[in-house]
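Some notes on the structure that comes next.
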Amino acid sequence: MTDLTNTDAKDNAMIVDSMTPDAPDHNPEATEATDDAGIQKIYLKDYTPPSYSVEKVELDIKLFEDHATVDSVLTMKRQHPGDLVLLGQNMDLTAISINDKALKDGEYQLDEGQLTVSDAPDDAVVKISVRHEPQKNTELEGLYIAGEGDDVMFVTQCEPEGFRKITYYPDRPDVLSVFTTRLEAGKKFPTLLANGDLIESGEVEGDSNRHYAIWHDVSKKPSYLFACVFADLAVLEDSYTTIEGRDVKLQIYAKAYDIDKCHVAMQALKDSMHWDEENYGRAYDLDRYMIVAVSQFNMGAMENKGLNIFNTSCVLSSPETTTDARSFSVKSIIAHEYFHNWTGNRVTCRDWFQLCLKEGLTVYRDQSFSADHQSPAVQRIDDVSMLRAYQFTEDAGPLSHPPRPSSFVEINNFYTTTVYEKGAEVVRMLANTLGDEYRQGTDTYFDRYDGQAVTVEDWLSALSAEGKSVEHFIDWYTQPGTPEVSGHQSFELGKDNVGKLTVTLSQKTRQVEGYEAPKPLPIPVAAALFDRTSGELIEERLLMLEQESQDFVFDQVTTVVGIEPIVSVLRDFSAPVQMKYQYSEADLAFLLAHETNGFNQWQSAQALVNKILLQNNEPEVYLQAVKKAFLSLVQDDAMLAARILDIPAERELASAVNSDYQPSVMKQKRDLLKNNLAQFMAEDWQQVYSQLPIESYEDTPQARGKRALRNVVLDMALTAGIEEAHDWAYEQYQKASCMTERLGALSAMVNHEHPQKQAVLADFYERFNKEALVMDLWFSVQAGDENASVADIAALIERKDFDWGTPNRIRAVVGSFAAQPTKLWSKEGLETYIAVVQKLDETNPVLASRLLQTLSRWYTLAEPVRAEAKQQLQQLRRQVKSKNVTESLHTILKAG
Ligand code: ARG
Ligand code: ZN
């Protein structure tokens, strides 16, 4: 495979000069740069529209034993002055002609992943032939090989810039075209799929061992939404009639042995189609909707037009093999990719800086869908926990960037929790601010921009109703950092127990290096007043904080006996901010007991925990309050009751510490509090567990809630040292009706050193070693074992079935590892972790870079780990080759 672009391999220091015109304080090592012709930083401000459009494109992709050829015909038309530019990487150009005239050597220029024709005619039919080797493509981008032996298949991942690894093309999201795709391969790949509708198929003339299929997609799309598949798959079929009367054939393709695990996804797909019609007035627009499951995939899934490609972990689900949590996320990812058909595909992004336009909006939509399928409070709790543990951490360190960045080196590095999750929070604020007018706004957005490639500004202008502009929310998209909101209240009592309550709120966002001084943002703070004596809700109001500091007055507040009411702020986490409201422990205990908003009940418990773990408060108030709340919730909302017991993960706690972080001290405190709680409620565990017998499996919110609660209670009972709990665990493992119960028992037994620990691990392996996704759980439980050493984790990585080609397996181990700061942040821990990054840098840079980003807050560690981390990261810098890892490493090392 000829590599036309990766001249960056030799010296990654070259990146520095082109990346940091504005950062004079980078490390001395970094200034060794001698060659800045390498990787370029790309700026949003430099955007220019394409000089040519592509009216239509015909592709002919032929797959052979050890290579593939792609012949394409692009019908191009000049739109603006400028060269005809095609992008391409990792392939050999074998022929090129324009309007049937072959181009000779000087008539085009081929360099750095770009093919340029300077004097092309205004109407140009460009024919191109290329050759490459998908069999050797380990990057899981472009056309790549997945699986081995009988399971081998070839699939594509084009977003964001993978199409240029398939053929030369104006591979940018603002070039939309109509695709016709012919696929040809040996008959050992009976499944030949591409976007749109199948219009022809048959045997290749003169070669009875080969066949072909021709697909045509009537919708205009950018190349990142192209997909094709060569495989041998079974299919689960169903149908859906849209609100517009279109009969859509629904197909989920998977390996024959997995096909019975596709029913959950199929139902979720139909539910999503219906949900989008009901909630956004959007119907599906093609006659076919296909989903293909593949074991080797870098992300969760991809929304290619009419042909989604899914990581098996995000589409397969069965009670015996899949936990409730996983199964629920299968449904939400099915919804996510389906919703992209309108938010992403029909209305797409003008350039990759606008990524959050489609991702933030689509995540918000899938979160709303999920909130309709379980306790909305639990949905919000889970989304916010994620945001705090990952996005707040990202935003607190050197990788901090706004949802819409203004520059990048490698766009793959920006599929971040800031773009996705913070992007979704911004859309949520817009929706809540607009209220009923939000739907009118999204209707306008779809009407106005259908078939176009647009920007965040276009989105805000469509949403802005007459007299109610939300255009000033643009600052949320362009300004990095998590705002801190502080607040307090004061009360003046008048006649007849009626008074005036003033809530003062102020905001502050940290200055992130390389960005302008932060501006105050529009921050919607959902608030409710409660009467302290009766516990009743007096009034609800949305406080819109727009200045640095503002007073909000509640006049004429009627109280029962004239005692100052209490304000509950940021209900349902109405803005992605760090809220520092002046609450006493008594206030928080009151809210935990009386808030009608389940999210804020949970939030009050979290705030009490933080006072203990981060400010050294005594735990008494928390223990009493959480016990009371737990017992009052346990019957009505078992899932919420389980969440009320949450103690933030070590990683989340760490994001609040900006220097001298000592993981073992933090872990000790956390363990101590958990022990305290377990002891304090020892009798409750006995009682609650006995009321939760194993029942036959049902997939309802109630049944899932009970299972979640049972697992939490089991873990607490073992933490409390309750002797019988050993029997409960073993029995739950043996009698489990589903994976949630079995895995809950298994991990409890593993973490609490149950006498049968090794026996159940062996049994689990015996039962499930043919199921790759279940084996991921087996790896993950052991890598996350409280009692495992770094050497034990390293031994898992050494195993033969630790498959370096399958991101799911790598994440199963490395993810559980990284969730344990005491192990990660040690000399051996860092060596083990960094060795994984270094190895993947060569084979799968997208994954390598994402794993590396977990180390971004190295500089907050106390010595000697801080120095150790710095030294190891600097050493890694001398080894790495990929643009992805080089950019991340460069940014990470700027801190400290
Ligand atoms: N658009 C996909 C989704 O969020 C993500 C695919 C990104 N792939 C990548 N290699 N960065 O649904
Ligand atoms: Zn998405």
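One-based numbering, in listed order, for ligands and for the atoms of each. This one's a predicted model, so the numbers in the text were calculated from it and none came from an experiment. The figures that follow rest on heavy atoms only: side chains count, while hydrogens, waters and symmetry mates do not.
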Checklist entry - Between S317 and S327, is any side-chain donor less than 3.5 angstrom from a side-chain acceptor? => result yes
Checklist outcome for this item: Result for ring pair (Phe, Tyr, Trp, His ring centres under 6.0 Å) between W459 and one of Y449, Y445, F446, Y364 points to Y445
Checklist entry - Hey, which of F339, Y289, W342 is the one that makes ring pair (Phe, Tyr, Trp, His ring centres under 6.0 Å) with Y284? => result Y289
Checklist entry - For the atom pair NE2 (H401) and OG1 (T418), what is the distance rounded to the nearest 0.5 Å? => result 4.0 Å
Checklist entry - Tell me the salt bridge (charged side-chain N to carboxylate O under 4.0 Å, His left out) pairs involving residues 362-371, sequence neighbours left out? => result D276-R365
Item to check | Set of salt bridge (Lys or Arg N to Asp or Glu O under 4.0 Å) partners for K331, sequence neighbours left out | outcome: D699
Checklist entry - Do you see an N/O/S atom of E303, backbone or side chain, under 2.8 Å from the Zn ion (ligand 2)? => result no
Checklist entry - Do you know which N/O/S atom name in E359 is closest to the Zn ion (ligand 2)? => result OE1
Next on the checklist: List the residues meeting salt bridge (Lys or Arg N to Asp or Glu O under 4.0 Å) with D285, not counting sequence neighbours, and say none if there are none.
Outcome noted: K305, R346
Checklist entry - Near ligand 1, which residues have a heavy atom under 4.0 Å away from one of its atoms? => result Q157, E159, M299, A301, M302, E303, H336, E337, H340, K358, E359, N412, Y415, Y420
Next on the checklist: I need the NE2(H340)-the Zn ion (ligand 2)-NE2(H336) angle, rounded to 10 degrees.
Outcome noted: 100°
